[in-house]
Amino acid sequence: MTPALAIDGLGVAFDDFVALEDVSLSVAPGGSFGLVGESGSGKSTLLRAVAGLAPASAGTIAVDGKVLGSKRDKAFYRKVQMVFQDPYGSLHPRQTVDRLLLEPLAIHGFDDAEDRIVRALDEVGLGSGFRFRYSHQLSGGQRQRVAIARALILEPSILLLDEPTSALDASVQAEVLNLLEQLRAARNLTFVMVSHDLAVITHMCDRLMVMQNGRTVEQLTAADLAAREVTQDYTRGLLAASEGFRRDV
Amino acid sequence: MSALLEVEDLRVSFPTRTGVIEAVRGVSFTLGRERLGIVGESGSGKSQTGRAIMGLTAEHGVIDAKRLEFSGIDLLKASKAERRALRGKRIAMILQDPKYSLNPVMTIGRQIVETLRTHERVGRAEARKRALDMLAAVQIRDPERVFDLYPHEVSGGMGQRAMIAMMLIAGPELLIADEPTSALDVTVQLDVLAILNRLVADRGMGLIFISHDLRLVSSFCDRVIVMYAGRIVEELPAARLSEAQHPYTRGLLNCMPEIGADRHPLPVLDRRPEWRT
Ligand SMILES: Nc1ncnc2c1ncn2[C@@H]1O[C@H](COP(=O)(O)OP(=O)(O)OP(=O)(O)O)[C@@H](O)[C@H]1O
Ligand SMILES: Nc1ncnc2c1ncn2[C@@H]1O[C@H](COP(=O)(O)OP(=O)(O)OP(=O)(O)O)[C@@H](O)[C@H]1O
Ligand SMILES: [Mg+2]
Ligand SMILES: [Mg+2]
C-alpha cells in the first residue's frame with residue numbers, strides 16, 4: 001500500500017546549524033504516528049518541513065506516493081493541515097474567531113461556511129458564544145481549540161499535530177483526543193502527532209519515533225513502549241521521568 | 001510566619017460589547033514560602049488570577065478584591081510606578097505564552113541581559129556570563145548559539161526556558177509560573193522543577209505553579225487549589241490530590257490517558273450547572 005506520508009533521509013539546516021539529519025519515517029493511510037523527544041530535537045522542524053515551512057537540505061518527502069517539490073500549492077493545504085505548537089503565534093490576535101475560521105473556507109471556496117463554523121466550534125467544546133470574541137480575549141486552551149478547529153474545518157486527509165493538547169486541562173484534552181480519534185476512524189485520517197506526554201502518544205498512536213539532537217534515537221510501536229520494551233537509554237530515561245517529580249533526587 | 005501574598009475575594013471581569021465576562025469570581029488564598037499548585041478547567045481564570053497579582057490585566061479589565069497584599073504592600077493602592085518596580089524584581093511571572101511574550105526583534109541573550117541590568121548594577125561581561133549560565137542551568141544545549149537567536153528561531157520548549165531564565169535571573173521573592181513546563185520533554189521538565197524547588201527551599205521564594213499536569217502538580221507542589229469557572233472549588237495537600245472530593249477534580253483524575261491503559265474513548269466529564277455557583 002502506498003504510504004500517505006513517506007519521509008526519506010530528510011535533512012534540515014539553518015545556516016550552519018543542522019536541525020535534522022537523515023530522518024526517515026512512513027505512515028500508512030489512516031495511520032497515526034507519534035514524535036517524542038528532547039526539547040529542541042527537531043520535532044516541529046520535521047512537521048514544518050512537511051508543510052513546506054522549513055528548508056529541506058536533503059532527502060525527500062512524499063504524500064500519497066508523490067514526491068513534493070520545494071513549493072506547496074493550494075491543493076496540498078486542502079489535503080494536509082497543521083496545528084502549530086504555539087497557538088498564540090498562529091492565530092492573528094486582532095481577528096475574531098469567526099474570521100479565523102472563515103478565512104480557510106473562503107480560500108478553498110467552501111460555500112456552507114456558516115454550518116461548518118458552528119459545527120467546528122461545537123466539536124472542540126467552544127459554544128457559539130466564542131464566535132465573535134477576538135483571539136486575544138481567549139485563554140490559552142481556548143486558543144488552542146480554535147487552532148484545532150481551524151485545521152479540521154477543511155476536512156484534510158493528513159493532519160500534522162504539534163502538541164495539540166499541551167494547553168488543555170485533562171478533561172478538555174480527553175474530549176479533543178476522542179474527537180481526533182473519532183474523525184480518524186470516520187474519515188480515514190492520517191496523523192503525525194508531536195507530544196511530550198508519552199501517555200498521550202501511546203493512547204493516540206500506533207508507532208512512534210524518539211528523537212534527540214536532530215536525529216532518530218529509535219522507532220518503536222506504542223505497544224512496545226507501553227511494555228517498556230525499548231532499546232535505547234534515552235527512551236528509558238523518558239519513561240522514568242514520566243512518573244513525576246521526586247523530591248529526593 | 002507572615003504570609004508573602006494574601007488574596008481575598010479577588011474578582012476580574014471584562015466588559016465586552018456582548019456583556020460582562022467574569023473571568024475570576026471571588027478567589028481567596030494565602031501564600032507562604034511554599035509551592036502552591038493551581039489546576040483547573042481551561043478558561044477557569046488561572047492565568048487571569050496570576051496576571052491580576054502581577055498587575056498585567058488587560059487595559060479594559062476590572063479588578064476588585066477585599067485584599068490583595070504582597071509582603072505588606074497593598075497592591076490595589078500601589079501606583080503604576082510602584083507596581084512596575086515590583087514587577088520583575090520582587091514578583092515575576094513566567095507567562096503561559098512565552099514565545100509570544102518575548103520581544104520578537106531582540107535576541108534571547110540580550111533580553112536576559114537587559115532584564116538583569118535593569119534590576120542589578122552589573123557590567124556587560126558579567127551580565128553576559130550570568131545569562132549564559134542561566135541558559136545552561138535550564139538545560140539549553142548550546143547556550144552560546146541560543147544567546148544570539150531571535151525568538152522565532154528557537155523551539156517551543158527553548159522559548160519557554162528562555163522565559164524562565166529571564167524571570168529567575170532577577171531573583172524574585174514571588175514567582176508565578178503559568179504552565180512553565182508545558183512545552184518541555186519530561187526529563188528537562190524535571191530539571192527545571194529541580195531549579196524551582198531549590199529556590200523555594202534555599203532562598204524562601206514563594207511559588208504559584210499553574211499547570212494542567214496533575215501528575216506533576218501532585219508530585220511537586222505542597223498544596224493544590226482547583227479552579228472551575230472563576231472560583232476555587234477545592235483545596236487540598238498536593239500529595240493527597242488522588243483523594244479529591246469535588247466531582248470536577250475526581251473527573252479530571254479519571255480522564256487522563258495512561259501509558260499501557262487501553263481506554264477508547266477516554267471518559268469525559270459531565271459538567272453540572274451547579275459546579276458554577
Ligand atoms: N529559523 C530558525 N533559525 C535557526 N535555528 C532554528 C530555526 N528554527 C528552528 N531552529 C533550531 O532547530 C532546532 C530544532 O527546533 P524545533 O522547533 O524543531 O524543536 P522541537 O523538537 O520542536 O522542540 P520543542 O519540543 O522544544 O518544541 C532548535 O535548536 C532551534 O533553535
Ligand atoms: N481580554 C479579555 N477579554 C475578555 N475575556 C477574557 C480576556 N482575557 C481572558 N478572558 C476570559 O477569561 C476567562 C479566564 O481566562 P484565563 O486565561 O484566566 O483562563 P485559564 O484558567 O488560564 O485557562 P487555560 O488553562 O485555557 O489557559 C476565559 O473564559 C477567557 O476567555
Ligand atoms: Mg516544537
Ligand atoms: Mg491560562
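Using a 4.5 Å cut-off between heavy atoms, B/Arg263 contacts chain A through its backbone alone, with no side-chain atom that close. Using a 4.5 Å cut-off between heavy atoms, B/Pro104 makes no contact with chain A at all. When heavy atoms are compared at a cutoff of 4.5 Å, B/Ile21 approaches chain A solely by way of its side chain, counted from C-beta outward. In this structure, no portion of A/Ala223 lies under 4.5 Å from any heavy atom of chain B. In this structure, no portion of A/Phe14 lies under 4.5 Å from any heavy atom of chain B. With a 4.5 Å cut-off on non-hydrogen atoms, B/Gln139 does not touch chain A at all. Contact of B/Phe14 with chain A is not made at all, since no heavy-atom distance falls under 4.5 Å. For a residue to count as touching a neighbouring chain, one of its non-hydrogen atoms must lie under 4.5 Å from one of that chain's; by this rule B/Glu258 touches chain A with the backbone only. Contacts between B/Thr18 and chain A at a heavy-atom distance below 4.5 Å are absent for every atom of the residue. Residue B/Asp97 touches chain A through both its backbone and its side chain, counting heavy-atom pairs closer than 4.5 Å. Contacts between A/Glu175 and chain B at a heavy-atom distance below 4.5 Å involve backbone atoms as well as side-chain atoms. Contacts between A/Tyr234 and chain B at a heavy-atom distance below 4.5 Å involve the side chain alone, from C-beta outward.
Smallest separation of non-hydrogen atoms from B/Pro267 and A/Ala174: O-CB, 3.8 Å. Considering every non-hydrogen atom in both A/Ala226 and B/Gly260, the closest pair reads CB-CA, 3.7 Å. In terms of heavy atoms, A/Gln85 sits closest to B/Gly157 at NE2-N, 4.3 Å. The two residues B/Pro257 and A/Ala199 come nearest to each other via the heavy atoms O-CB, 3.3 Å.
Of all the listed residues (B/Val154, B/Leu190, B/Val268), the one sharing the greatest number of non-hydrogen pairs under 4.5 Å with chain A is B/Leu190. Looking only at heavy-atom pairs under 4.5 Å with chain B, the residue among A/Glu181, A/Glu163, A/Gln142 that has the most is A/Glu181. In terms of heavy-atom pairs under 4.5 angstrom with chain A, the leader among B/Thr187, B/Ile140, B/Val146, B/Asp178 is B/Thr187. Considering only heavy-atom pairs separated by less than 4.5 Å from chain A, the leading option among B/Glu41, B/Gln48, B/Gln160, B/Gln189 is B/Glu41. Among A/Lys43, A/Arg145, A/Gln137, the residue making the largest number of heavy-atom pairs under 4.5 Å with chain B is A/Arg145. Of the listed residues (B/Glu179, B/Arg141, B/Arg17), the greatest number of heavy-atom pairs within a distance under 4.5 Å of chain A belongs to B/Arg141. If you tally non-hydrogen atom pairs under 4.5 Å between each of B/Asp262, B/Leu269, B/Leu252 and chain A, the highest count goes to B/Leu252. Listed options B/Leu266, B/Thr16, B/Asn254, B/Leu216 were ranked by heavy-atom pairs under 4.5 angstrom with chain A; first place goes to B/Leu266.
For the residue pair A/Asp169 and B/Tyr228, no side-chain donor N or O sits within less than 3.5 Å of a side-chain acceptor on the partner. Side-chain contact check for A/Ser242 and B/Arg215: no donor-acceptor pair (N or O, by modelled atom type) lies under 3.5 Å. Looking at B/Arg271 and A/Ser171, their side chains do bring a donor and an acceptor atom within 3.5 Å of each other.
Within 6.0 Å of the CZ atom in A/Arg184, the count of heavy atoms belonging to other residues, nucleotides or ligands exceeds 12. Within 6.0 Å of CZ on B/Arg240 lie no more than 12 heavy atoms contributed by other residues, nucleotides or ligands. No more than 12 heavy atoms of other residues, nucleotides or ligands shown are found within 6.0 angstrom of CZ on B/Arg276.
Judged purely by atom type and a 3.5 angstrom limit, B/Ser219 uses its side chain to pair as donor or acceptor with the backbone of A/Phe245. In this structure a side-chain-to-backbone donor-acceptor pair under 3.5 Å is present from B/Asp185 to A/Ser39.
How far CG of A/Leu177 is from CE of B/Met256: 13.0 Å, rounded to the nearest 0.5 Å. Atom NE2 in B/His152 sits 13.0 Å away from atom CG in A/Asp86 (nearest 0.5 Å). Rounded to the nearest 0.5 Å, atoms CG (A/Leu168) and NE2 (B/His212) are 7.0 Å apart. Taking CD of A/Gln173 as the start and CG of B/Asp213 as the end, the distance is 9.0 Å to the nearest 0.5 Å.
Between B/His264 and A/His203, the angle of the ring planes stays under 30°, which puts this pair in the parallel group of the 30/60° scheme.
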Check the pair B/Thr181, A/His196 against side-chain contact (heavy atoms from CB on, under 4.5 Å), reporting the backbone distance first and the verdict last.
CA-CA 10 Å; B/Thr181 62; A/His196 66 268; over 6 Å; no
Would you please test A/Leu239 and B/Ile259 for side-chain contact (heavy atoms from CB on, under 4.5 Å) and show each step?
CA-CA 9 Å; A/Leu239 273 168; B/Ile259 298 177; 4.0 Å; yes
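B/Arg161 has no carboxylate O lying under 4.0 Å from a charged side-chain N of A/Glu38, or vice versa, which leaves the two without a salt bridge.
Counting heavy atoms from C-beta on, the side chains of A/Ser139 and B/Ser47 never come closer than 4.5 Å.
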